[in-house]
> 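Before I ask anything, let me first share the structure, which is written out below as C-alpha cells.
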Amino acid sequence: QVQLVESGGGLVQAGGSLRLSCAASGRTISTYAMGWFRQAPGKEREFVAAITWNGGSTNYAGSVKGRFTISRDNAKNTLYLQMNNLRPEDTAVYYCTSDQTPWIAGHYDYWGQGTQVTVSS
C-alpha cells in the first residue's frame, strides 16, 4: 500500500521559512513525477509545484514562483518543498502527491494526509 506522509508544517511569521518533507513508502517514487498542492479554508485545493522523476524539470504556481523550491531525494524516497518569504496568504494545508508518469502530467493518484502551514502577519 502506498503511503505519503508530510511533515514540517507549523506556525511562522510573515517573511519566515519552512521546509516541508514528504516521505513515501510502498512505492519507489524515483520513477514518478511528484507534486505539492495546498488548500486554504473555504477554498479549493490548488497546485503549488511539481517535479519530474529525476528533478530535471519543475513547475510552479505563479503565486509561489521565486519563493518556493521543490526538490527530491530519490535515494531517500522523499520529496521536499522549501518555502521562503512566507506570506499570510500561504496559510493552508499542504499535500504531497504522486503522478502516474515520470513526467509532469497532472494525473495524480496518491495523496498524503496533509500538513498545516500557518503564517501570521
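We number each residue from 1, following the sequence as shown.
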> Just to verify, what does Q82 make a side-chain hydrogen bond (donor to acceptor under 3.5 Å, both in side chains) with, not counting sequence neighbours?
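Residues passing side-chain hydrogen bond (donor to acceptor under 3.5 Å, both in side chains) with Q82: N84.
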> From S71 OG over to M34 CE, what is the distance, rounded to the nearest 0.5 angstrom?
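That separation rounds to 11.5 Å.
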> Does V93 share a hydrophobic cluster with W111, counting links as ILVMFWY side-chain heavy atoms below 4.5 Å and allowing steps through other members?
yes
> Kindly write out the residues that satisfy side-chain hydrogen bond (donor to acceptor under 3.5 Å, both in side chains) with Y94, not counting sequence neighbours, or none if the list is empty.
R38
> Kindly indicate, with the supporting measurements, whether the criterion side chain to side chain contact (heavy atoms under 4.5 Å, CB included) is fulfilled by L4 and L79.
CA-CA 10 Å; L4 302 175; L79 177 73; over 6 Å; no
> Is there any side chain to side chain donor-acceptor pair (under 3.5 Å) pair reaching into residues 26-35, and which pairs are they, with sequence neighbours excluded?
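Residue pairs passing side chain to side chain donor-acceptor pair (under 3.5 Å), neighbours aside: R27-S98, R27-D109.
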> Mind checking what makes ring-ring contact (aromatic ring centres under 6.0 Å, His included) contact with F68, not counting sequence neighbours?
none
> How many angstroms lie between CG in L18 and CG in L81, if you round to the nearest 0.5 Å?
9.5 Å
> For the side chain of Q113 and the backbone of V5, is there at least one donor-acceptor N/O pair under 3.5 Å apart?
no
> Considering only residues two or more places apart or on different chains, which pairs with a residue in residues 40-121 satisfy disulfide bond (SG atoms under 2.5 Å apart)?
C22-C96
> Shortest non-hydrogen contact from I104 to Y108?
CG2-OH, 4.3 Å
> Using side-chain contact (heavy atoms from CB on, under 4.5 Å) as the criterion, point out the one residue from I51, T97, V48, V64 that pairs with W36.
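Of I51, T97, V48, V64, side-chain contact (heavy atoms from CB on, under 4.5 Å) with W36 is met by V48 alone.
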> Measuring from T118:OG1 to L11:CG, what's the distance to the nearest 0.5 Å?
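The OG1 atom of T118 sits 6.0 Å away from the CG atom of L11.
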> Find the distance between CZ (R19) and OH (Y80) and round it off to the nearest 0.5 Å.
5.0 Å
> Quick check on the hydrophobic clustering: are Y95 and Y110 connected, directly or via other members, by side-chain heavy-atom contacts under 4.5 Å?
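No; tracing contacts between hydrophobic side chains, which count when under 4.5 Å, never links both residues.
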> Going from OG on S121 to CD on Q13, what distance comes out if it is rounded to the nearest 0.5 angstrom?
9.5 Å
> Run V12 and M83 through side chain to side chain contact (heavy atoms under 4.5 Å, CB included) and show every step you take.
CA-CA 11 Å; V12 64; M83 306 186 295; over 6 Å; no
> Are Y60 and T69 close enough, and set up right, to give a side chain to side chain contact (heavy atoms under 4.5 Å, CB included), and what steps lead you there?
CA-CA 8 Å; Y60 294 94; T69 302; 3.8 Å; yes
> Determine whether Q116 and T91 satisfy the following criterion, side chain to side chain contact (heavy atoms under 4.5 Å, CB included), listing intermediate values before the conclusion.
CA-CA 8 Å; Q116 176 71 47; T91 295; 4.0 Å; yes
> According to side-chain hydrogen bond (donor to acceptor under 3.5 Å, both in side chains), who are the partners of T52, at least two apart in sequence or on a separate chain?
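Counting only residues at least two positions away or on another chain, T52 forms a side-chain hydrogen bond (donor to acceptor under 3.5 Å, both in side chains) with N54.
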> So does R67 get a backbone contact from the side chain of N85, meaning a donor-acceptor N/O pair under 3.5 Å?
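It does not hold such a pair.
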> Looking only at heavy atoms, what is the nearest atom pair of H107 and Q100, with distance?
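Heavy atoms only, the tightest pair is O-CG, 2.9 Å.
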> Measuring from N74:CG to W53:CH2, what's the distance to the nearest 0.5 Å?
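Going from CG on N74 over to CH2 on W53, the span is 8.0 Å.
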> Look at the side-chain heavy atoms of Ile, Leu, Val, Met, Phe, Trp and Tyr, link any pair under 4.5 Å apart, and say whether I70 and F37 land in one connected group.
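In one cluster with I70: F37, no.
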